[in-house]
Structures are given as C-alpha cells and as structure tokens.
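See structure below.
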Amino acid sequence: MSLALRLLGTSASRPTVERNVASLALTREGETMLFDCGEGTQRQMMRYHVSFALGDIFFTHFHADHLIGVIGLLRTMALQGREEPLRLWGPRGGTRVLRAAASFGADRPTFPVEVAELEPGQRVERGGYQIVPFAVDHGGPPSFGYALVEAERKGRFNPERARELGIPEGPLWGRIHRGLAVTLDDGRTIEPGDLVGPPRPGRRVVVTGDTRPCDATVAAAAQADLLVHEATFGDEEAERAIQTGHSTAREAAGVAKEAGVRRLVLTHFSARYSRDASELEREARTVFDAVVVGKDGMEIEVPFADAGL
Ligand SMILES: [Zn+2]
Ligand SMILES: [Zn+2]
C-alpha cells in the first residue's frame, strides 16, 4: 500500500528562482490529492509528474500564496475537457473565495467544482483513511492543518502456526485472517486469536499549513509517521515569526519532538533562505534529529512503521 508525498512548492509568500510557493501532493495507492495550490502549482505538477486526475484539493487557509494557483489549474483542467468533479475543501469563509477562484479558472466549465467548508475535527471519510482538519494558530481568519489518518490494518497471520495446527492452506486461512473462527473437518474449532496478531495501526501524515507552534499540531501529529511543518524563519527572526503567525525551524522541531513523530519535513521558507537553508536545518537538528529541509520536487515515501520487521 503505497503512500508518498511530493513537495511542489517550499517558498513562503512569493516564488524565488529555486522555490515555488506552497503546494504538496499526497499520493496513496494511485489516488492523488493536493494540499494548497499556490501560483504556478500546475507547472510544478507537470515537472514532477503529479497526476492532474486528482479529486481533492485541501486548503489550509486563503492567503494568496496558498490559493491562486487553483485558477490556472482549473482552467487547464477545463481545456483538457475534464468531466470528473473536483472537490475544494477549506476552513470557514472558504466558499466565497473558492467559488470566485473557480469562476475565474473554469470560465467555461466542463466539470463540476464542489466547494465545502470544514470545521476543525470534521472528518472527510474515505475508503481506508480519513482526512481530519485541525485548527492551527496563524492569526486572523481560521487556518487548518490536516492529518491523513489510515484505518487500522488486520493483525499479522502466522502461517507456520497454521501448518502446525494442520489447517489446510487456502480459503480457511483467509477466513481466519479476517477474524472468523473456523471448524475443521475433524471437529476442532480454531479461533482467529490463535493465529492472528493484534490489529496494527495505519499511517499518519500531518501537514500544518502556516502556523505558530501549537498544541493542536502536537495532538494531531502524536506518533505520526511524517510531519510537514512550516519553518518560515531562523532563530534570528524569532520575533518576526511571532508577529506574523509563523514558526522558526527550531520551533517546528520542538513540535515534532513533543509529538514523537518519526520524521519531520520543513517547508515554507522565507526568501532569504531560498538558496541556502542549511542554517535552518542546523537549528532544527539541535532539537530533533530526524529532520529534512524540503526542496521543490522532493519525494518522501511513507512506509509502515513495522515494515520490514
Ligand atoms: Zn504562506
Ligand atoms: Zn499564511
């Protein structure tokens, strides 16, 4: 079951030569969704081979550097004759903004654009996973982070034990693995607990959008496999981070540490760090070791925590 994230833009506020503005794609088992859609996102998608056949765009908030790429993207989709609906999600206040963007983009619409406002904690249920928005602290109008939370997986089936017990390989193994007791020809009843381990957690990926370090992110990212946290500034601009509702790299690392995540990816860098973000990496690493400074085009696979065990 594949799950991978592709960073499409890692610059804050405006694009630079090296970095485009905010957007990232998550692809799970061939299904793609975007989180934010800054100016120029569609071109980044082409560059980095992200499918246009996506069904959902989740907006963290409606600052222009996270939003206005949707106009061009919708227009291209209409020119391509897309027919499948596209769903746009965001915090309260989003309907007006997203409707306006959609009317610019798909001025001759070939496909329905569905717009929905979410409340914090309101889950978007999908087969095998859900998207859960949570309120972050960016000042001003409501801003979200999002958690992709996979459903629990079945426990591991123990084939050696099944053979020991003389259970014939085939459909019976499948029934037991699905949690059903089976009765063998010789009259013995086998309970699934004899052969199947406890259910195993699915994966959890958390994207913060723009925010100060906050408890809601720590809670949403508890034991997450991957946290993508904004890190607009370095230590020297810690004061500015407070004033503008952003985080420093060190603060992002503090959130990752407190939440006990497996990996942290930093993104949304102020233009002054565009060419060289090594200072941010250094500052973050003093707090949390498993940190990566994001780059446009970077792909990060998210394996199960127990993969290879
Ligand atoms: Zn931003
Ligand atoms: Zn913002």
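Counting non-hydrogen atoms of neighbouring residues, nucleotides and ligands closer than 6.0 angstrom, the CG atom of Asp186 exceeds 12 such neighbours. By the neighbour-count criterion of 12 heavy atoms within 6.0 Å, atom CZ of Arg14 is sparsely surrounded, having that number or fewer from other residues, nucleotides or ligands. Dense packing is recorded around CD of Gln42, with more than 12 heavy atoms of other residues, nucleotides or ligands lying under 6.0 Å away. Counting heavy atoms of neighbouring residues, nucleotides and ligands inside a 6.0 Å radius, atom CZ of Arg92 does not exceed 12 of them. Crowding of Arg87 atom CZ: a count of heavy atoms from other residues, nucleotides or ligands under 6.0 Å exceeding 12.
Between atom OG1 of residue Thr244 and atom CG of residue Asp210 there is a gap of 9.0 Å, rounded to the nearest 0.5 Å. Within the model, atoms OG1 of Thr211 and CG of Asp137 stand 5.0 Å from one another, a figure rounded to the nearest 0.5 Å.
Side-chain contact, Glu29 with Tyr129: no donor N or O sits under 3.5 Å from an acceptor N or O. With no hydrogens or angles considered, no side-chain donor-acceptor pair links Ser2 and Arg28 at under 3.5 Å. For the residue pair Arg212/Ser247, the side-chain donor-acceptor check at 3.5 Å is not satisfied. Defined by atom type and a distance below 3.5 Å, a donor-acceptor pair is missing between the side-chain atoms of Thr208 and Glu230.
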inquiry  = Run Leu54 and Met33 through side-chain contact (heavy atoms from CB on, under 4.5 Å) and show every step you take.
reply    = CA-CA 6 Å; Leu54 53 94; Met33 64 196 88; 5.8 Å; no

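One N or O on the side chain of Asp36 and one on the backbone of Thr60 form a donor-acceptor pair closer than 3.5 Å. The main-chain N or O of Arg156 is never found under 3.5 Å from a side-chain atom of Arg153 such that the two would form a donor-acceptor pair.
Look at Arg275 and Glu18 and you find a salt bridge, because one of the NZ, NE, NH1 or NH2 atoms lies within 4.0 Å of a carboxylate O, short of that distance.
When the options Asp56, Val132, Ile131, Leu148 are evaluated for a side-chain contact (heavy atoms from CB on, under 4.5 Å) with Val124, the one that passes is Ile131.
Leu266 and Val255 fall within a single hydrophobic cluster, where Ile, Leu, Val, Met, Phe, Trp and Tyr are joined by side-chain heavy atoms under 4.5 Å apart, directly or via other members.
You'll find the ring centres of Tyr146 and Phe35 inside the 6.0 Å limit. In this structure, the ring of His246 has its center less than 6.0 angstrom from the ring center of His268.
Scored by the salt bridge (Lys or Arg N to Asp or Glu O under 4.0 Å) test, Asp276 finds no partners at all (sequence neighbours excluded). Among residues two or more places apart in sequence or in another chain, the ring pair (Phe, Tyr, Trp, His ring centres under 6.0 Å) test is passed with His63 by His61, His138.
Counting heavy atoms from C-beta on, the side chains of Arg200 and Phe304 never come closer than 4.5 Å.
Connectivity analysis of hydrophobic side chains (ILVMFWY, heavy atoms under 4.5 Å, direct or indirect) links Ile190 to Phe157, Leu165, Ile167, Leu172, Trp173, Ile176, Val182, Leu184, Leu195, Val196.
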